[in-house]
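Throughout, protein chains are lettered first and strands after them, A, B, ... in sequence-line order, and every chain is numbered starting at 1.
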2 protein chains.
Amino acid sequence: MNSNSAEHTDRGIEDAPDGDCCTASHSLTDEALLDDVAMLSAVGNETRYETLRYVAGAGQAGACVCELPPLVGVTQGTVSNALSRLLEAGLVSRRKEGRWRYYTATTEARTLLLALDTIQEGSDE
Amino acid sequence: MNSNSAEHTDRGIEDAPDGDCCTASHSLTDEALLDDVAMLSAVGNETRYETLRYVAGAGQAGACVCELPPLVGVTQGTVSNALSRLLEAGLVSRRKEGRWRYYTATTEARTLLLALDTIQEGSDE
DNA sequence: TTCAAATATTGGAATACTCAAATATGTATC
DNA sequence: GATACATATTTGAGTATTCCAATATTTGAA
């Protein structure tokens with residue numbers, strides 16, 4: 001019932017970039033696509049995004065888990081889970097120091113957050 | 001039960017950037033934070049991310065809805081819902097033309113996708 | 001070893017999300 | 001008008017998320 005897509009390649013758009021008229025495409029491998037989605041969905045949650053922002057705000061020194069629960073406003077267990085998920089997505093790295101663990105934002109995370117800052121800037125000018 | 005965060009400001013990290021030792025912070029307003037999360041969670045889904053990639057791949061001409069279902073591999077209704085959600089998140093804009101509708105990626109979306117490309121590049125060198 | 005602090009993991013109830021199917025709303029052509 | 005096509009919206013069943021509470025683990029100090 002959904003084979004009607006080749007039917008109107010003759011539409012009135014002439015400024016198509018180069019190549020076929022209206023066949024959209026993208027150049028991501030399936031793996032890259034899934035990686036991106038995993039990363040984006042990891043940050044696409046208020047608790048995790050705010051946690052990541054705090055971690056990134058702590059710079060190279062990193063943020064220790066214990067200071068985050070009151071800042072983010074969730075339980076210690078929730079923060080720990082959030083950090084684990086961010087770690088798995090490659091957005092933070094972990095460093096042991098005594099009985100504490102310091103989480104630091106990765107380059108990937110910084111790139112992403114910078115892009116988001118850029119977007120926010122553009123939205124009010 | 002969770003007031004134990006001020007208790008170890010005397011930890012052994014001396015390379016703190018500037019200012020207080022271990023108090024993490026971030027400078028986002030609550031509104032900006034929610035905006036970002038809305039945007040990120042909109043793209044943090046395989047169907048919507050792939051849809052956005054196809055739309056962005058179609059350039060300024062935009063992609064019409066009818067060509068997307070077979071490309072993304074979901075129903076027409078699902079694509080339509082995906083586009084609505086992307087529209088609400090400010091990632092695509094819509095243009096009517098006859099009985100078709102063309103969706104175009106916004107500047108915000110392009111900035112985000114570019115950042116993701118940068119991140120992917122960095123991951124294999 | 002015993003204790004306490006820091007962090008991780010698990011269980012589970014409430015909630016939210018996903019997507020196809022069905023239906024509704026436009027829009028051009030006849 | 002009527003008809004057919006393009007798109008949007010609604011519905012609902014299945015599934016996944018979210019976050020707290022409770023428990024487990026790890027670690028340093030006594």
Is any side-chain N or O of Thr47(A) closer than 4.0 Å to OP1 or OP2 of dC19(D)? yes
Distance check needed: dA16(D) P versus Glu46(B) CD, whole Å only. 13 Å
Val65(B) or Gly77(A), whichever maps to the more 5' nucleotide of DNA chain D: Val65(B)
Nucleotide dA8(C), atom C1' - distance to CG of Leu68(A) in whole Å: 15 Å
Roughly, in whole Å, what's the span from CD in Glu97(B) to P in dT27(C)? 13 Å
Quick one: do Arg48(A) and Glu46(A) make a salt bridge, cutoff under 4.0 Å? no
Check this one for me: any side-chain N or O of Arg48(B) less than 4.0 Å away from OP1 or OP2 of dT18(C)? yes
Picking from dA29(D), dA28(C), dT7(C), the nucleotide nearest the side-chain atoms of Arg99(B) would be dA28(C)
What nucleic acid atoms does Gly98(A) come within less than 4.0 Å of, heavy atoms only: base, sugar-phosphate, or nothing? sugar-phosphate
Under 3.5 Å: donor-acceptor pair, side chain of Ser41(B), backbone of Gly44(B): no
dA8(D) phosphate, OP1 or OP2, under 4.0 Å from Arg101(B) side-chain N/O: yes
Does Lys96(B) make a side-chain N or O approach to OP1 or OP2 of dT27(C) shorter than 4.0 Å? yes
Between C1' on dT18(C) and CZ on Arg85(B), what's the gap in Å once rounded to a whole number? 10 Å
Under 3.5 Å side-chain donor-acceptor pair for Glu108(A) and Thr106(A): yes
Testing dT18(D), dC20(D), dT27(D) for proximity to the side chain of Val74(A), the answer is dC20(D)
Here the distance between atom C1' of dT7(D) and atom CG of Leu87(B), to the nearest Å, is 13 Å
Expressed in angstrom and rounded to an integer, what is the separation of Asn45(A) atom CG from dC17(C) atom P? 11 Å
Heavy-atom side-chain contact between Met39(A) and Val43(B) under 4.5 Å: no
Should Thr78(B) be listed as having a side-chain N or O under 4.0 Å from OP1 or OP2 of dA20(C)? yes
Quick one: is dA6(D) close enough that its OP1 or OP2 comes under 4.0 Å of any side-chain N or O from Ser80(B)? no
Are the charged groups of Arg110(B) and Asp117(B) less than 4.0 angstrom apart, N to O? no
Atom CH2 of Trp100(A) and atom P of dT7(C): how far apart are they, to the nearest Å? 8 Å
Any donor-acceptor pair under 3.5 Å joining the side chain of Gln76(B) to the base of dA6(D)? no
When you check the phosphate oxygens OP1 and OP2 of dA8(D), does a side-chain N or O of Tyr103(B) lie under 4.0 Å from one of them? yes
Mark yes or no for whether Thr78(A), through its side chain, and Val74(A), through its backbone, hold a donor-acceptor pair below 3.5 Å. no
With a 4.0 Å limit, can you tell me whether Arg94(B) has a side-chain N or O closer than that to the phosphate oxygens OP1/OP2 of dA8(D)? yes
Does OP1 or OP2 of dT9(D) have a side-chain N or O of Asn81(B) closer than 4.0 Å? no
